[in-house]
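Residue numbering restarts at 1 for every chain, and letters A, B, ... go by the order of the sequence lines.
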2 protein chains.
Amino acid sequence: MMNSSRSDAEIISAFRSKGFKATSQRIAICRHVLCSEEHPNAQRIYDEVRRTHPTVSLATVYKTLAVLKELNLIQELLVKQGEARYDPIVVPHLNLICNRCGVVRDVKDGNLKIIIENAAKLARFSPSGQSFIIYGLCNICKAIKDSARDVK
Amino acid sequence: MMNSSRSDAEIISAFRSKGFKATSQRIAICRHVLCSEEHPNAQRIYDEVRRTHPTVSLATVYKTLAVLKELNLIQELLVKQGEARYDPIVVPHLNLICNRCGVVRDVKDGNLKIIIENAAKLARFSPSGQSFIIYGLCNICKAIKDSARDVK
DNA sequence: TTTATTGCAAAGCTTTTGCAGGATA
DNA sequence: TATCCTGCAAAAGCTTTGCAATAAA
């Protein structure tokens, strides 16, 4: 299993190492984003964090996500128009996204690192991040779709 | 060079094959999107198409892009928040995007097809499309950035 | 002639911004 | 204590939608 859980201490020093302050809002947001496998969007993070920090604002969530991107602790996944989701796994990997239910699954592939290096060399490009998305249907939604077709 | 130019006749039959009408606006939009290597966004396509079709609307551009996606003639690239760009190459490939100047370059890689198949098999997923983006700096912007650093 | 499409304007949404009050180091 | 951060509300920006007029088949 790919896992990116981090302790509060690690999170706090990550913030401070680049001059950011480790506020309670930021730590709470990190707990949800960095330890989650559900690839939440900003609204979802906001809803979750409000359960423990009722006064937190959506603006703070967005600002914190920007900091986490800068610290390279999360990868932004632009899943579709107007929907950014966040993945705590920042090493090259595949994100399989179901067009029907929206579930996002991480899949490792050891070849991706070399593929990126080769492309960068060929194009004389200096890579700093990536987003590898495969769109389609998860097995559950595929089954639902197939059975719906049989009914017709 | 990767090339996806298509004749008007091909475009017209692609529309009609699925019951869409081949209007002059749609054909003009296709000429710009399907024969371009610049990965334009909707506004850019609108600006270009208006040179020959001054009355075309941005809404029509968006509606046509949705049809082209449905026909699998273009791939939508969600480059960053609020910026969708369009690529006429729909087979799996890499898009190298410069964070500084925004240029998008296509790079082929024959391994991607198998990588997608393997991930799909492992996750029991039915793939229908993909978007493989590498973010970073193109060689020109890298050089500019390096020289700016030297000055300091 | 029927049906789909256009173009306009308004609405919708996510995300960003400005700023006064407040927390952190 | 100086600086950064929060939360609010407004603004911004891209995209979508509703509808009457128009064009395609």
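Atom NZ of Lys80(A) and atom C1' of dC13(C) are 12 Å apart (whole Å). The separation between Gln81(A) atom CD and dT17(D) atom C1' is 15 Å, rounded to whole Å. When rounded to the nearest whole Å, the span between NZ of Lys21(A) and P of dC4(D) equals 7 Å. Rounded to whole Å, atom P of dA25(D) lies 11 Å from atom CZ of Phe15(B). One can place CG of Asp47(A) at 11 Å from P of dT14(C), the figure rounded to the nearest angstrom. Atom-to-atom, CZ of Arg16(B) to C1' of dA25(D) comes out at 7 Å; the value is rounded to the nearest Å. Between the NZ atom of Lys18(B) and the P atom of dA4(C) there is a distance of 17 Å, given to the nearest Å. Whole-Å rounding puts the Tyr46(A) OH to dT14(C) P distance at 13 Å.
A salt bridge is defined here as a Lys NZ or Arg NE, NH1 or NH2 lying under 4.0 Å from an Asp or Glu carboxylate O, and Glu117(A) with Lys121(A) fails to meet this definition.
Using modelled atom types, one finds no donor on one side chain facing an acceptor on the other under 3.5 Å when comparing Gln75(B) with Tyr86(B). In this model, a donor atom of one side chain and an acceptor atom of the other lie less than 3.5 Å apart for Asn95(A) and Asp87(A).
Phosphate proximity of dG7(D) to Thr60(A): present, with a side-chain N or O under 4.0 Å from OP1 or OP2. For dC8(C), the OP1/OP2 oxygens have no side-chain nitrogen or oxygen of Ser57(B) closer than 4.0 Å.
The stretch residues 25-33 of chain B comes close to DNA chain C through Gln25(B), Arg26(B), each having a heavy atom under 4.0 Å from the strand.
We find the NE2-CD distance between His53(B) and Gln25(B) to be 6.0 Å, quoted to the nearest 0.5 Å. Distance check: Glu38(A) CD to Ile45(A) CD1 gives 8.5 Å after rounding to the nearest 0.5 Å.
Nearest to the side-chain atoms of Ala59(A) among the listed nucleotides dT24(C), dC8(D), dT3(C) stands dC8(D).
Note on Ala22(A): only backbone sugar-phosphate atoms sit closer than 4.0 angstrom, heavy atoms only; bases stay farther off. Residue contacts for Ser24(B): at a heavy-atom cut-off of 4.0 Å it reaches no nucleic acid atom on any strand shown.
Mapped onto DNA chain D by nearest heavy atom, Thr23(B) and Glu76(B) fall at different nucleotides, with Glu76(B) at the one closer to the 5' end. Each of Leu58(A) and Phe20(A) lies near DNA chain C, and the nucleotide nearest Leu58(A) is the one positioned closer to the 5' end. Two residues, Val67(A) and Glu83(B), neighbour DNA chain D, and the one matched to the more 5' nucleotide by heavy-atom proximity is Val67(A).
On a pure distance criterion of 3.5 Å, a polar donor-acceptor pair joins the side chain of Lys63(A) and the base of dG18(C).
Under a cut-off of 6.0 angstrom, the local environment of NZ in Lys80(B) is sparse, with at most 12 non-hydrogen atoms contributed by other residues, nucleotides or ligands.
A cation-pi contact links Arg26(B) to Phe15(B), judged by a cut-off of 6.0 Å to the six-membered ring centre and 45° from its axis.
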